[in-house]
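Below is one structure, written out as structure tokens, with a few remarks after it.
Just so we're clear, the structure is a prediction, and the values are computed from it rather than from any experiment. Position 1 is the first residue of the sequence, and the numbers go up from there. As a basis for the values below, the full set of heavy atoms in this structure was taken, side chains included, without hydrogen atoms, waters or symmetry mates.
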Amino acid sequence: MTGSASFGPRHAPARVGSWTRTSCAACLAPRVDGPGVCRTGCPLQSFSPPLYPLAAIGAGGHGVRISERAQAVAPFFAMEFGKYAAALESQGHHVIKLNIGEPDFGAPPAVLDAMREVMDGRPMAYTAALGLPALRQAIARFYLNQHGVGVDPSRVVVTAGASAALVLATAALVNTGDEVLIGDPSYPCNRQIVESFGARVTLVPATAETRFQPDAASVKSSWTDDTRGIMIATPSNPTGTSIPSDELATICELARERDAWRIVDEIYLNLSDHDEQGRPPRSVLSFDPDAVVINSFSKYFGMTGWRLGWCVVPEILVPAMERLAQNYFLCASAPAQHAALACFTPESLAVCEARRGEFAKRRALVLDGLVRVGLPVPVPPDGAFYAYFDVSRTGLTSWEFCERALHEAHVALTPGRDFGAHTAETHVRLSYAVSTDDLQEGIARLARFVATLRPTM
């Protein structure tokens, strides 16, 4: 297929009892000998011990068989590097963790106060599967007040984090054998979830010329008769770059004309730069009201561990989402939902806006520092809190760079291999969601580390 790369058959081994998958879940190499045993020397074997050794998978009791679905899922390498960073810390090392997109601020003070009030010993019953009516109404008002988009609260589904929203939406929309287009690079869990429901993911390569985002031309060239939907994130993880509104509208119209669904991840939308008039970026709902929008309390509101998110879906999809939510999750955390009502007060929104400004300062610090180190960022981010930099001049692959930076400089990063195939070997993601002090120290350590590579640069 012109202009695209598919992860192919790796989601469907022929049988559980013998390992027959033809490609590696981690590096996409064509030959593997078993879970965690790749003949190419890929990252599954880079760490000691391996990330998931074969013996460990087979242990634990007679008659226990790992499902094909579980065997097909690759590790989330950002988390794996975090795990090994924690192991180094347990040995007494100070590791600068720039691998995870987790704001260091925490929830706004009013939300913390609300949680303390809620947890006063009162009974905490299940909420409705779709969420507290008051919270659904507050989210709908947020779209109106922040983005000028009218959303009926009945279309808002409150979920146990954005991941649960994605699971529900995927379950509601995907049939086995469907082809789904996803940008490359992109957040790895998106494609893992889609594939776990039997879809075939086709990656649409994106370059610096298109801000590492799919554009209408690349989407059109990747489209086939089997394509049933497209998944987009703007701003993107790992690049922090957005799709211009007019380009996104064109992509959505292209899909709509082909009767295909559109899932748009707007988790980082409210961490995006405002325009010259001080206006926040547009939600896709302003020009495609039938798009399925994924969002979260984790990033803009700093509530990662609270596991609370939402999605906005077309009215026709609400009954299916409710049935799935009832069976999969019952409901999102009741205390978190009650406390999250305090997110939408003027006080909390002012706190979040101030933090957005702080992220912009951290971004400037990181971009300037990476330039001085000799690690160029081909496309400066305009949202989220990630910088996607190029390590090709160091003579190392992205995996080698991240592994050595962790062990030699005690800086945890995430290799491009987490995010697809197109930039897998050349780019690394840095999260600037940590404190300014940690960023300054992390950049200084990377500078010393890269200086040791100068003979190869």
Side-chain angles (χ1 to χ4, degrees), residues 5 7 23-29 36 38 40-48 50-52 73-88 95-102 182-192 203 205-208 212 236-241 366 370 373-379 381 384-434 442-443 445-446 449-450 453 456-457:
F7 275 76
S23 63
C24 175
C27 72
L28 314 187
C38 177
T40 65
C42 86
L44 291 180
Q45 301 302 309
S46 292
F47 284 116
S48 180
L51 298 183
Y52 45 88
V73 173
F76 185 5
F77 291 127
M79 302 297 288
E80 292 293 337
F81 272 89
K83 183 168 66 178
Y84 286 93
L88 286 172
V95 179
I96 303 296
K97 299 174 185 175
L98 309 180
N99 57 308
I100 296 295
E102 185 166 34
I182 299 179
D184 177 0
S186 60
Y187 183 61
C189 300
N190 290 356
R191 64 178 183 268
Q192 300 287 354
L203 294 178
T207 65
F212 289 123
S236 165
N237 177 3
T239 65
T241 58
V366 165
L370 290 174
V373 171
L375 300 171
V377 179
V379 186
F385 31 65
Y386 304 113
Y388 202 52
F389 62 89
D390 189 341
V391 299
S392 56
R393 292 169 55 196
T394 68
L396 302 177
T397 68
S398 68
W399 186 274
E400 292 167 340
F401 185 94
C402 290
E403 190 176 34
R404 287 186 59 179
L406 178 59
H407 289 286
E408 297 175 30
H410 297 153
V411 176
L413 300 158
T414 306
R417 188 168 282 165
D418 227 356
F419 308 108
H422 188 62
T423 55
E425 302 303 323
T426 56
H427 285 68
V428 167
R429 188 192 75 174
L430 179 153
S431 168
Y432 52 86
V434 301
I443 294 294
R445 292 185 186 186
L446 286 177
F449 167 64
V450 169
L453 308 174
T456 67
M457 291 182 68

Q) In Å and rounded to the nearest 0.5 Å, what is the OH to OG1 distance from Y386 to T239? A) 10.5 Å

Q: Taking all heavy atoms of A424 and all of G420, pick out the closest pair and write down the distance.
A: CB-O, 3.4 Å

(Q) Quick check for you: to the nearest 0.5 Å, what is the distance between S431 atom OG and K97 atom NZ? (A) 12.5 Å

Q. Counting N and O atoms only, with roles assigned by atom type, does the side chain of N237 sit under 3.5 Å from a partner on the main chain of Y187, one being a donor and the other an acceptor?
A. no

Q.
Give me the atom names and distance for the closest heavy-atom approach of A433 to E102.
A. CB-O, 3.5 Å

Q: Anything under 30° is parallel, anything over 60° is perpendicular, the rest tilted; go ahead and classify Y388 against H427.
A: parallel

Q. Does E400 offer a backbone N or O that forms a donor-acceptor pair with the side chain of E403 under 3.5 Å?
A. no

(Q) Using every non-hydrogen atom in the two residues, find where S236 and P185 come nearest and quote the distance to one decimal. (A) OG-O, 4.4 Å

Q | From L375 atom CG to L430 atom CG, the distance as rounded to the nearest 0.5 Å | A | 9.5 Å

Q: Nearest 0.5 Å please: distance from the NE2 atom of H407 over to the CZ atom of F449.
A: 11.0 Å

Q: Say whether, by atom type as modelled, one donor and one acceptor occur between the side chain of R417 and the main chain of S398 under 3.5 angstrom.
A: no

Q: Can you see which heavy atom on L370 is nearest to which on I443, and at what distance?
A: CD2-CD1, 4.0 Å

(Q) Donor-acceptor check, side chain of D184 to backbone of L203, threshold 3.5 angstrom: yes or no? (A) no

Q) So which heavy atom on V377 is nearest to which on A387, and how close? A) CG2-CB, 4.3 Å

Q. Does T423 use its side chain to pair, donor to acceptor, with the backbone of T426 at less than 3.5 Å?
A. no

Q.
With side chain to side chain contact (heavy atoms under 4.5 Å, CB included) as the criterion, how do H410 and L88 come out once you've worked through the C-alpha distance, each side chain's angles and the decisive distance to 0.1 Å?
A. CA-CA 8 Å; H410 297 153; L88 286 172; 4.0 Å; yes

Q | Approximate separation, where rounding is to 0.5 Å, of L396 CG and E425 CD | A | 11.5 Å

Q) So F419 and S186, side chain to side chain contact (heavy atoms under 4.5 Å, CB included) or not? Walk me through it. A) CA-CA 5 Å; F419 308 108; S186 60; 6.0 Å; no

Q | Rounded distance [0.5 Å steps], CE in M79 versus OG1 in T414 | A | 10.0 Å

Q: Tell me, with the steps shown, if N99 and R429 meet side chain to side chain donor-acceptor pair (under 3.5 Å).
A: CA-CA 7 Å; N99 57 308; R429 188 192 75 174; over 6 Å; no

Q: Output, in order, the C-alpha distance, side-chain angles, deciding distance and verdict of side chain to side chain contact (heavy atoms under 4.5 Å, CB included) for F401 and L413.
A: CA-CA 9 Å; F401 185 94; L413 300 158; 3.9 Å; yes

Q: Given side chain to side chain contact (heavy atoms under 4.5 Å, CB included), test L406 with V411 step by step and report yes or no.
A: CA-CA 5 Å; L406 178 59; V411 176; over 6 Å; no

